[in-house]
Amino acid sequence: MKTAIKIIIHDALENARQAGELELSPFPEIVVEKPKDEKMGDFSTNVAMTLARSERKNPKVIAESVARYLKNGSNDLSQVEIAGPGFINLKMSNEFFLQRLRSAVKQGDDFGQTDVGQGTKVMIEFVSANPTGPLHVGHGRGAAVGDALGRILKKAGYDLSTEYYINDVGNQMNFLGRSTWLRYRELLGEVIEFPADHYRGEYIKDIANEIIEQKRDEFLNLPEEECIPFFRKYATDNILQGIQKDLAEFRVTFDNWFSEQSLYDDNSVEKAIEWLKGKGHIYEKDGAVWLKSSAFNDDKDRVLVKKTGEKTYFCSDIAYHQNKINRGFKKIINLMGADHHGYVPRMEAVLQAMGYDNKIFKILLIQFVSLLRAGEKISMSTRAGEFETLRDVVSEVGVDVARYYFLMRSSDTHLDFDLELAKQETSENPVFYIQYAHARICSIFRTAEEKGVVWDRSNEVDLSLLVEEEEFGIIRAVLAFPEIVEKSARALEVHRISHYLLDMVSRFHGYYSRHRVISDDKALTLARLFLLDAIRITIRNGFELMGISSPEKM
RNA sequence: GCGCCCAUGGCUCAGCUGGAUAGAGCGACGGUUUGCGGAACCGUAGGUCGCAGGUUCGAGUCCUGCUGGGCGCACCA
């Protein structure tokens with residue numbers, strides 16, 4: 001919509017130049033925005049103010065000149081006004097909006113789709129929790145945000161792939177195997193002193209029990225070295241399946257699950273090290289192999305190969321990101337918990353060292369979630385085994401509510417998630433407020449049908465009967481949807497969608513309480529139903545981006 | 001000590017690439033329906049945008065310093 005306005009302004013400026021009223025060197029960037037107060041107009045531009053310097057004229061004089069050419073230039077404009085220090089406020093004709101409303105409804109499920117992404121290949125990696133235990137609430141926030149971002153980027157025309165990186169290598173995996181093995185022996189009657197640094201969660205016992213059911217006491221008298229590989233693999237697979245299941249129930253799926261181990265299997269890690277060595281970015285010290293990351297804005301150098309010969313997590317991550325780039329992604333987005341923020345400069349240093357433009361790489365830090373129950377904090381720690389799992393939270397409040405809570409706030413602020421509040425099906429809970437609007441609209445359509453109103457989305461409706469100021473407020477809000485999607489995609493901010501929906505829906509509720517939709521006036525009824533249909537489509541498409549359902553009844 | 005994030009009405013938060021009188025929701029107080037879903041609507045009270053400078057025609061928004069809170073600073077992942 002704003003693009004259309006920009007063209008109109010551009011033409012007016014061009015005409016002013018040809019008439020010799022403006023110099024326009026250089027030609028200004030045209031910024032169109034919405035005035036805060038709708039009464040001031042539908043759109044405004046500050047070109048006159050930005051031009052003041054280069055034209056050496058008072059902004060008001062410039063504005064008057066531009067306004068004159070605007071008025072003569074387009075019949076989509078119903079009013080052009082100059083306000084304040086030189087803002088040019090534009091009011092559009094009703095027909096301008098109604099035309100666009102028609103095409104929005106025609107688009108249906110596709111309404112909101114744009115091509116700002118121009119098919120750019122984007123990869124977004126998220127969750128990537130170690131398969132050493134079930135997902136907790138913090139992972140849930142990452143999952144919801146990553147998934148929703150993916151949906152938004154697709155809607156904005158990007159060619160998107162999602163990926164989960166499985167850290168199936170390293171010491172933690174041995175700890176996991178050993179923890180399971182110890183519980184196995186314990187359950188078979190041995191007295192075990194369970195080490196504090198092992199995984200103590202109940203889920204380990206569940207896995208051990210499963211193994212007992214299948215293998216009986218087969219492993220009981222075997223030496224540790226012969227047992228661990230089996231326990232390690234069994235526990236990992238089991239936990240990973242659990243994670244996949246939890247995510248699927250949370251409506252989060254991935255295009256690809258990428259195994260860290262596979263980077264070792266095909267020698268990618270070795271090759272990455274060799275490559276960096278060839279570039280002179282690597283040295284040996286104290287028996288370990290280091291990357292000179294400090295040469296690229298990291299605070300210190302980092303170890304790639306420990307003196308034990310093992311490679312660090314960071315080392316395989318280098319190979320992984322090289323792999324991503326080689327797959328042709330032009331934009332690589334990683335979601336991480338905010339506690340990993342120290343990792344950012346390190347990773348950017350590597351990409352620079354490898355000669356890539358580090359702008360293609362973007363790490364989004366997701367701040368912590370504090371889980372509360374009636375104001376009381378619940379603590380989380382995987383090792384200690386006392387945490388609220390995503391599964392528990394979802395089964396308590398439901399997928400819609402959980403996703404909404406994770407997505408309603410900017411992800412760079414801490415989130416307080418109060419289970420008691422989330423459960424309440426009252427006005428405290430914005431997700432129900434929005435869903436209620438959708439259900440209410442559906443109910444109105446049901447009533448209309450009962451009353452014999454014949455309605456079909458494809459029918460021609462006389463929209464000129466929509467004349468109320470409130471109706472146009474709603475129409476403007478509906479038509480802003482594609483821009484909201486576009487901005488969310490550009491800024492990688494999901495919460496804008498939820499704030500937008502809330503605003504639009506409250507306009508609807510207000511409108512509904514003051515105006516009858518279904519009346520004896522058949523033509524007006526149809527026009528208003530058309531508007532409600534547009535709102536319904538927008539709610540549905542907006543919630544679809546958030547992965548939240550739009551029920552027809554509640 | 002170094003680094004990242006945050007700071008906006010009693011509470012939880014918006015505020016779009018700086019723009020015109022700072023907005024919601026909850027809570028408080030008061031009101032609204034013999035009609036389409038009251039899980040709704042309308043109104044009132046409540047803010048020196050943490051503090052101090054700076055840039056700008058213009059700063060909640062950008063820069064610097066400070067204060068307060070969260071999180072990091074491994075040959076863990």
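Throughout, protein chains are lettered first and strands after them, A, B, ... in sequence-line order, and every chain is numbered starting at 1.
- The residue among A/Arg346 and A/Met408 whose nearest nucleotide of RNA chain B is located toward the 5' end is A/Met408.
- Atoms CD1 and CZ, from A/Ile539 and A/Arg440 in turn, are 11.0 Å apart once rounded to the nearest 0.5 Å.
- A donor-acceptor contact shorter than 3.5 Å links the side chain of A/His341 to the backbone of A/Ala338.
- Residue A/Ala439 is classed as a base contact, given a heavy-atom separation below 4.0 Å to a base.
- Residue A/Thr447 is in sugar-phosphate contact alone, with no base atom involved, counting any heavy-atom pair closer than 4.0 Å across all strands shown.
- Contact annotation for A/Asp503: no contact, since no heavy-atom pair falls under 4.0 Å across all strands.
- Residue contacts for A/Arg490: at a heavy-atom cut-off of 4.0 Å it reaches no nucleic acid atom on any strand shown.
- Remark: ring of A/Tyr512 does not overlap the six-membered base ring of B/C41 in a stacked fashion, as centroids less than 5.5 Å apart with planes less than 30° apart are not both met.
- Across all strands shown, A/Thr308 has no heavy atoms under 4.0 Å from either base or sugar-phosphate atoms.
- Counting any heavy atom pair closer than 4.0 Å across all strands shown, A/Lys451 reaches no nucleic acid atom.
- Residue A/Gly170 is out of contact with every strand shown, counting any heavy-atom pair closer than 4.0 Å.
- Residue whose closest nucleotide on RNA chain B sits further toward the 5' end, between A/Arg440 and A/Lys307: A/Arg440.
- Using a 5.5 Å limit on the distance between ring centres and a 30° limit on the angle between planes, the aromatic ring of A/His340 counts as stacked on the six-membered base ring of B/A77.
- Contacts of A/Tyr343 with the nucleic acid, taken as non-hydrogen atoms under 4.0 Å apart, include base atoms.
- Nucleic acid contact class of A/Arg496 (heavy atoms, under 4.0 Å, all strands): sugar-phosphate only.
- By the criterion of a centre-to-centre distance under 5.5 Å and near-parallel planes under 30°, the ring of A/Phe87 forms a stack with the base of B/A20.
- Here A/Glu450 lies out of heavy-atom contact (under 4.0 Å) with every strand.
- Without hydrogens or angle criteria, A/Ser179 side chain to A/Tyr199 main chain gives a donor-acceptor distance under 3.5 Å.
- Taking only distance into account, the side chain of A/Asp339 never meets the base of B/G72 through a donor-acceptor pair shorter than 3.5 Å.
- Within 4.0 Å (heavy atoms only), A/His495 reaches sugar-phosphate atoms of the nucleic acid but no base atom.
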| message | Checking A/Tyr164 against A/Phe126 for the ring pair (Phe, Tyr, Trp, His ring centres under 6.0 Å) test, could you report, in this order, the C-alpha distance in whole Å, the side-chain angles of both residues, the deciding distance, and whether it holds? | response | CA-CA 6 Å; A/Tyr164 186 117; A/Phe126 59 107; 8.3 Å; no
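- A donor-acceptor contact under 3.5 Å links the side chain of A/Asn89 to the base of B/A20.
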| task | Might you work through the side chain to side chain contact (heavy atoms under 4.5 Å, CB included) test for A/Leu419 and A/Leu372, ending with a clear yes or no? | result | CA-CA 6 Å; A/Leu419 289 167; A/Leu372 311 177; over 6 Å; no
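- Nucleotide B/C11 forms a Watson-Crick or G-U wobble pair with B/G25, both donor-acceptor distances falling under 3.5 Å.
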